[in-house]
2 protein chains.
Amino acid sequence: MKIDERKQRVLEAIIKDYVATAEPVGSRTIARKYNLGVSPATIRNEMADLEEMGFIEQPHTSAGRIPSQFGYRYYVDCLMETYTLSEMEENLIRSRFLQKMGDLEQVIQETGKFLSWITNYTAIISGPGPVVYGRFKTVELLPLQERAALLIVITESGAVIHKKIELPESVTPIDLMRISQVMSDKLQGITLNELRRTILMELYDELQREKNLLQIIIDLLEETLKASEWEKVYLGGIINILNQPEFHNIEKVRRILGVLEKENEIRELLNEGSEEGITVRIGGENRQEEFQECSVITITYEIKGEAAGRVGLLGPTRMEYPRTAALLKHAARALSEVLRGF
Amino acid sequence: MKIDERKQRVLEAIIKDYVATAEPVGSRTIARKYNLGVSPATIRNEMADLEEMGFIEQPHTSAGRIPSQFGYRYYVDCLMETYTLSEMEENLIRSRFLQKMGDLEQVIQETGKFLSWITNYTAIISGPGPVVYGRFKTVELLPLQERAALLIVITESGAVIHKKIELPESVTPIDLMRISQVMSDKLQGITLNELRRTILMELYDELQREKNLLQIIIDLLEETLKASEWEKVYLGGIINILNQPEFHNIEKVRRILGVLEKENEIRELLNEGSEEGITVRIGGENRQEEFQECSVITITYEIKGEAAGRVGLLGPTRMEYPRTAALLKHAARALSEVLRGF
DNA sequence: CATTAGCACTCGACGAACGAGAGTGCTAAC
DNA sequence: GTTAGCACTCTCGTTCGTCGAGTGCTAATG
């Protein structure tokens with residue numbers, strides 16, 4: 001779809017104004033505020049064309065125009081120039097991420113809070129999958145009660161994963177210790193990803209006698225490490241939804257919050273367009289019908305160079321795309337930087 | 001404050017009706033629906049008295065009456081008969097808590113979801129403080145990077161508490177191992193509560209050389225174990241707030257959600273009346289001014305007979321006190337029962 | 001031929017007016 | 001002490017008219 005220079009400028013003006021005011025914008029306003037050098041009448045003609053092409057729409061006759069979903073898409077893809085963070089914004093991000101934020105979970109939650117605070121949208125973040133925890137350091141099996149033990153995996157990066165497991169009757173604490181010992185020895189230094197491979201064979205050899213138990217433990221280990229288990233999701237600034245005039249309607253808010261209460265939905269929201277870079281999903285591009293009036297920008301963050309999880313911002317379709325995207329990018333980079341030390 | 005039998009019945013009728021309908025209730029309604037055997041006119045007289053005494057109020061002349069906060073308080077304290085769960089409710093609770101719910105965190109979250117679902121209010125729960133984790137089993141210090149180590153505490157009940165700590169420069173892995181060793185030996189079998197006592201002295205003796213480091217570690221241990229750190233709080237059914245007609249106003253919702261986003265506030269909400277049994281806080285009895293129109297019922301749950309955390313329900317002052325309290329009691333008991341196995 | 005001024009027209013927002021309905025308080029009768 | 005009767009009050013929903021913003025069309029303009 002080709003549109004000429006002036007139409008572009010009109011469209012851009014409409015979007016900018018609507019993003020700022022949340023009110024339908026009329027020809028007069030554009031002529032006044034964005035000096036395109038033409039009269040309202042001309043702009044009206046352009047608007048009529050833009051509407052016919054599907055970039056903008058009219059809530060009702062004799063109202064101004066608002067951008068359509070398609071219009072936003074065009075804007076995001078073709079029109080929008082990259083936003084340069086203000087010095088203050090840069091500083092805010094920098095100083096925020098220089099501060100101590102505690103352990104991994106806290107860092108992630110703080111990032112969410114920060115992003116929601118600075119953008120006024122709602123932040124959604126998925127915690128890192130286990131993939132990125134790095135290499136095994138120790139594996140321990142501590143006897144608990146009669147037939148239960150605690151499986152503790154510690155990785156070189158300092159992540160601790162623990163899970164209570166049930167044992168088949170016939171295991172003594174001594175056995176457990178032996179198994180721990182052997183597993184620690186064998187698994188030390190390999191990555192969790194490599195677990196499935198030949199190492200297992202070695203283990204089997206070593207622990208012929210406890211084959212059964214070992215099988216159980218390995219299964220459990222794998223299960224425990226499965227991504228879905230570990231990709232917890234976090235929310236920041238739910239309230240911000242209520243700040244948007246388009247959501248001053250309880251019914252809409254309820255439906256959106258309803259979705260946000262379900263971890264899976266959020267995960268989907270985050271991962272759907274899971275390319276490497278930044279993803280912008282506008283209105284109906286979201287699978288959830290509750291989010292027809294929302295846009296979601298997401299981006300991947302890394303731990304030690306490997307994609308770890310995603311962080312995103314959820315706002316109305318009338319979103320400050322350039323600024324939000326820029327902030328998100330910078331924050332993701334800063335987050336990855338902080339997590340390098342983990 | 002003494003009020004006669006009939007006034008009580010009128011008050012009770014007003015409360016019941018208002019709780020059910022959320023509409024001011026008039027004399028005619030009471031006469032019709034709750035057969036007190038007197039005419040509306042008589043009831044009107046009683047209502048005038050009740051109003052003068054502060055139990056009920058009038059939103060405006062020529063509206064019906066609604067219970068005042070004081071009225072609810074009187075109702076909860078003196079009038080309300082205990083609610084017997086329906087068979088279905090009993091079954092729901094039973095079957096819910098018989099199911100596997102995974103680890104501690106999951107159990108707690110599921111409890112919250114369940115309670116919010118069955119009551120239509122918002123559930124708030126604090127996770128168990130460290131107090132209940134029982135006795136030390138092992139204490140480990142694993143070297144991570146140059147000047148960082150991982151402190152891992154495992155208790156006999158299988159809880160794992162871990163925290164990354166920073167070291168003063170001068171510590172070798174060997175030292176760390178020695179310290180771990182000694183600490184494990186000395187601390188094994190004592191409860192976390194006893195930590196502060198004489199044991200520390202022994203430790204100091206044993207580890208003269210590492211006095212400095214030990215001090216740091218002990219401090220850290222204490223800090224890490226401090227209740228506030230560990231008492232994570234969970235929310236269930238935030239949306240339910242939106243279902244209440246009194247919160248169909250965005251501004252109110254925003255203020256309430258604003259508070260609910262702050263962990264500390266929730267903790268306060270839960271712990272303020274931290275007697276053993278059930279606590280009901282009505283409207284202004286909550287310290288937060290945002291909760292003037294809310295009531296909170298909380299109760300303690302236990303792990304192995306020791307108070308562990310609190311679980312509560314947050315709803316409008318117009319709350320179904322008897323039913324909510326009964327459900328909460330039963331759920332807390334069931335929860336404690338499930339947690340016995342932890 | 002693109003642009004623009006002018007103008008009639010449309011539609012929602014807002015406020016005033018108004019009647020209906022619910023509920024009260026008071027008085028007087030039972 | 002209780003109740004019927006009644007005037008009074010206040011809210012809520014409806015209707016109606018006005019206002020203003022904004023459009024689309026037409027004809028004039030450079």
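Below, read A as the first sequence line, B as the second, and so on, with proteins coming before strands; counting in each chain starts at 1.
Of all heavy-atom pairs between A:Ala13 and A:Tyr34, the closest is CB-CG, 3.8 Å.
Rounded to an integer number of Å, the gap from CG of A:Asp49 to P of D:dG24 is 10 Å. The distance from atom CZ of A:Arg28 to atom P of D:dT23 is 11 Å, rounded to the nearest whole Å. Going from atom CD of A:Glu52 over to atom C1' of D:dT23 covers 16 Å, rounded to whole Å. Rounded to whole angstrom, the span from the CD atom of B:Gln58 across to the C1' atom of C:dA22 amounts to 12 Å. C:dA22 atom P lies 14 Å from atom NZ of B:Lys33, rounded to whole Å. The CG-P distance, from B:Leu50 to C:dG25, rounds to 12 Å in whole Å.
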**Item:** Per-nucleotide protein contact string for nucleotides 1-18 of chain D, where B marks a base within reach and S marks sugar-phosphate only (heavy atoms under 4.0 Å, - for neither)
**Value:** -SBBB---BBS-------
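The aromatic rings of B:Tyr72 and B:Tyr321 are tilted relative to each other, their planes meeting at an angle between 30° and 60°.
Between B:Glu46 atom CD and B:Thr42 atom OG1 the span is 7.5 Å, to the nearest 0.5 Å.
Looking at A:Val296 and A:Ile124, their side chains come closer than 4.5 Å, going by heavy atoms from C-beta outward.
The side chain of A:Arg65 contributes no N or O atom lying less than 4.0 Å from OP1 or OP2 of D:dG22.
Ion pairing of A:Arg9 with A:Glu12 is absent here, as no side-chain N (NZ or NE/NH1/NH2) approaches a carboxylate O to less than 4.0 Å.
Around the CZ atom of B:Arg73, the shell of radius 6.0 Å holds more than 12 heavy atoms that belong to other residues, nucleotides or ligands.
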